[in-house]
Amino acid sequence: MPEESMFQQLKARAKSQKIRVVLPESDLEIILRAGEQLLQEEIGVPLLIGNPEAIQKACESYGIRYEGFLFFDHQNENSCAELARQYTSRFTELSEKSVLRKCKDPLNCGMLLVKIGRADCIAAGRAYTTGEVIIAAQNILGIEEGGSTVSSIGIVNAPGFQGSEGNLLAIGDCAIQAWPDENDLADIAISSAKTVHSLLGWEPRVAMLSYSTCGSAEDDSIDIIKKAIEIAKDRIPSLKIDGEFQLDTAINPETAVRKVKRESEVAGKANVLIFPNLHAGNIGVKLIQTFGGADAYGPILQGFAYPVCDFSRSAPLSEIMGNLLMLIVRAQKGSNTL
């Protein structure tokens with residue numbers, strides 16, 4: 001699937017539901033422009049955190065159309081009190097006093113609005129750090145049912161590569177988990193499979209990467225990968241996951257035939273690649289970007305109970321819009337299942 005076709009399909013799906021996206025960083029011009037574009041392209045409804053009059057005045061100074069924006073004033077006592085009442089009527093983790101205190105920060109306020117259902121997803125990171133986004137999401141939104149690990153996945157468009165999904169591959173985790181154990185790796189694999197299924201409609205075929213293929217080397221780190229595969233299969237028996245595989249075995253059919261002397265639904269045709277640790281993942285994605293001329297979209301945060309997007313702080317508007325589009329599709333009802 002070419003990159004252009006992927007985004008065309010995602011836009012068509014995004015328009016099928018009116019998804020409300022919280023944008024806490026309303027003091028930034030680029031975020032306001034992203035909100036305007038969401039409305040212009042009819043792919044989402046932005047909910048801005050902050051004083052509506054101040055945001056509208058900023059939009060006017062930038063020449064940004066704000067008709068259709070939703071607002072929540074996190075400094076308005078009555079609005080925050082009502083939010084606190086709504087939260088505590090449904091959840092017991094925080095007291096009204098704690099909710100009111102958290103409301104003072106736009107990021108936390110946005111997370112609370114998602115939690116109580118007044119928005120469907122949240123996107124931040126242009127001013128907030130990745131760590132701040134993750135901590136806020138963990139503390140307020142929590143982890144998805146059945147999981148315990150927050151991770152990330154990226155969608156790579158690699159020119160010259162022809163795999164089961166054309167030029168596209170999903171890779172993870174390249175941003176969050178430094179030294180995942182077997183349970184973490186199993187969570188990462190399952191979350192990544194859910195993400196590509198919901199986002200792109202793929203039938204996920206997950207390869208657990210290593211420097212070894214099917215026992216060609218022995219090491220404690222390889223045992224962790226093997227255990228992760230067993231855990232993932234036990235949790236979702238229908239999941240197509242295999243390894244440990246070297247990279248070429250995972251994606252090259254000819255290599256897979258030579259190296260894997262058993263039946264495999266994944267070897268040679270994997271569309272989801274799971275790195276054994278963050279060092280390998282981070283180096284891997286930068287290698288294919290630098291020397292392969294690949295585009296990488298993400299990181300897409302996964303593992304939370306509600307959809308969350310973390311922008312790069314240097315992200316241009318085009319990248320922000322790509323990440324928002326993927327977030328919106330993931331936030332659609334019934335999307336995050338296998």
Side-chain angles (χ1 to χ4, degrees), residues 1 3 6-7 9-11 13-14 17 19 21 44 114 120-123 125 130 133-134 137-138 141-158 163-177 180 184-209 228 232 235-236 238-241 250 266 270-275 278 281 284-285 295-312 319 322-338:
M1 181 194 299
E3 174 186 342
M6 177 182 77
F7 282 112
Q9 290 183 21
L10 289 175
K11 281 186 179 181
R13 290 176 61 191
Q17 295 182 26
I19 297 297
V21 186
V114 172
D120 303 293
C121 54
I122 183 168
T130 296
V133 174
I134 290 173
Q138 284 179 320
L141 300 181
I143 304 300
E144 67 179 344
E145 185 177 355
S148 60
T149 306
V150 174
S151 63
S152 72
I153 189 171
I155 307 299
V156 172
N157 180 33
S164 59
E165 313 298 339
N167 301 120
L168 301 179
L169 276 170
I171 59 173
D173 172 11
C174 303
I176 308 295
Q177 294 292 331
D184 295 329
L185 281 177
D187 274 348
I188 293 167
I190 290 170
S191 292
S192 298
K194 288 180 178 179
T195 297
V196 300
H197 181 70
S198 66
L199 188 62
L200 302 172
W202 294 355
E203 179 185 28
R205 292 181 295 278
V206 183
M208 306 297 279
L209 297 184
R235 285 174 52 188
I236 304 183
S238 62
L239 178 62
K240 294 180 179 178
I241 181 171
V266 176
N271 52 19
V272 180
L273 306 179
I274 303 300
F275 291 98
L278 187 55
V285 69
D295 293 321
Y297 298 94
I300 302 166
L301 297 184
Q302 53 190 18
F304 294 114
Y306 303 82
V308 180
C309 174
D310 172 44
F311 302 131
S312 165
E319 184 178 317
N323 286 339
L324 284 173
L325 183 57
M326 292 189 287
L327 175 72
I328 287 165
V329 172
R330 290 176 61 223
Q332 293 181 333
K333 292 181 180 178
S335 66
N336 197 31
T337 57
L338 278 176

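The first residue of the sequence shown is numbered 1, and numbering continues consecutively from there. Quick caveat: nothing in here was measured; it's all calculated off a predicted structure.
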Item to complete: Go through Ser192 and Gln302 one step at a time and tell me if the side chain to side chain donor-acceptor pair (under 3.5 Å) criterion holds.
Response: CA-CA 8 Å; Ser192 298; Gln302 53 190 18; 2.9 Å; yes

So how far is it from [X] [atom1] to [Y] [atom2], rounded to the nearest 0.5 Å?
X: Arg205; Y: Glu165; atom1: CZ; atom2: CD; value: 5.5 Å
X: Cys309; Y: Ile300; atom1: SG; atom2: CD1; value: 8.0 Å
X: Cys121; Y: Tyr306; atom1: SG; atom2: OH; value: 13.0 Å
X: Phe304; Y: Glu144; atom1: CZ; atom2: CD; value: 10.0 Å
X: Ile236; Y: Ile190; atom1: CD1; atom2: CD1; value: 4.5 Å
X: Gln9; Y: Leu200; atom1: CD; atom2: CG; value: 8.5 Å

Worksheet item: Passes side-chain contact (heavy atoms from CB on, under 4.5 Å), Tyr297 versus Met326? Steps please.
Response: CA-CA 9 Å; Tyr297 298 94; Met326 292 189 287; 3.7 Å; yes

Fill in: Donor-acceptor pair between Ser151 and Asp173 side chains, under 3.5 angstrom
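Result is no, nothing qualifies.
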
Discussion item. What I want to check is whether the side chains of Thr149 and Gln177 have a donor and an acceptor closer together than 3.5 Å.
Written reply: no

Heavy-atom distance under 4.5 Å between the side chains of [X] and [Y], does that happen here?
X: Ile171; Y: Val285; result: yes
X: Leu209; Y: Ile274; result: no
X: Val206; Y: Leu239; result: yes

Does [X] reach the main-chain N or O of [Y] with its side chain, forming a donor-acceptor pair under 3.5 Å?
X: Asp295; Y: Asn157; answer: no
X: Asn271; Y: Glu203; answer: yes
X: Ser198; Y: Thr195; answer: yes

Worksheet entry | Lys/Arg N to Asp/Glu carboxylate O, Asp120 vs Arg330, below 4.0 Å |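 Salt bridge between Asp120 and Arg330, a charged N being under 4.0 Å from a carboxylate O: no.
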
Discussion item. Pair Arg13, Ile328 - check side-chain contact (heavy atoms from CB on, under 4.5 Å), show working.
Written reply: CA-CA 9 Å; Arg13 290 176 61 191; Ile328 287 165; over 6 Å; no

Discussion item. Quick one, Asp310 with Ile134, criterion side-chain contact (heavy atoms from CB on, under 4.5 Å). Give me CA distance, side-chain angles, the key distance, then yes/no.
Written reply: CA-CA 8 Å; Asp310 172 44; Ile134 290 173; over 6 Å; no

Show the nearest heavy-atom pair for residues [X] and [Y], with the distance to one decimal.
X: Phe275; Y: Leu185; answer: O-CD2, 3.7 Å
X: Met208; Y: Ala189; answer: SD-CB, 4.0 Å
X: Cys174; Y: Ser152; answer: N-OG, 3.6 Å
X: Gln332; Y: Ala14; answer: NE2-CA, 3.6 Å
X: Ala137; Y: Val308; answer: CB-CG2, 4.1 Å
X: Leu301; Y: Ile176; answer: CD2-CD1, 3.9 Å

Practice prompt. Check the pair Val21, Leu327 against side-chain contact (heavy atoms from CB on, under 4.5 Å), reporting the backbone distance first and the verdict last.
Written response: CA-CA 9 Å; Val21 186; Leu327 175 72; 4.1 Å; yes

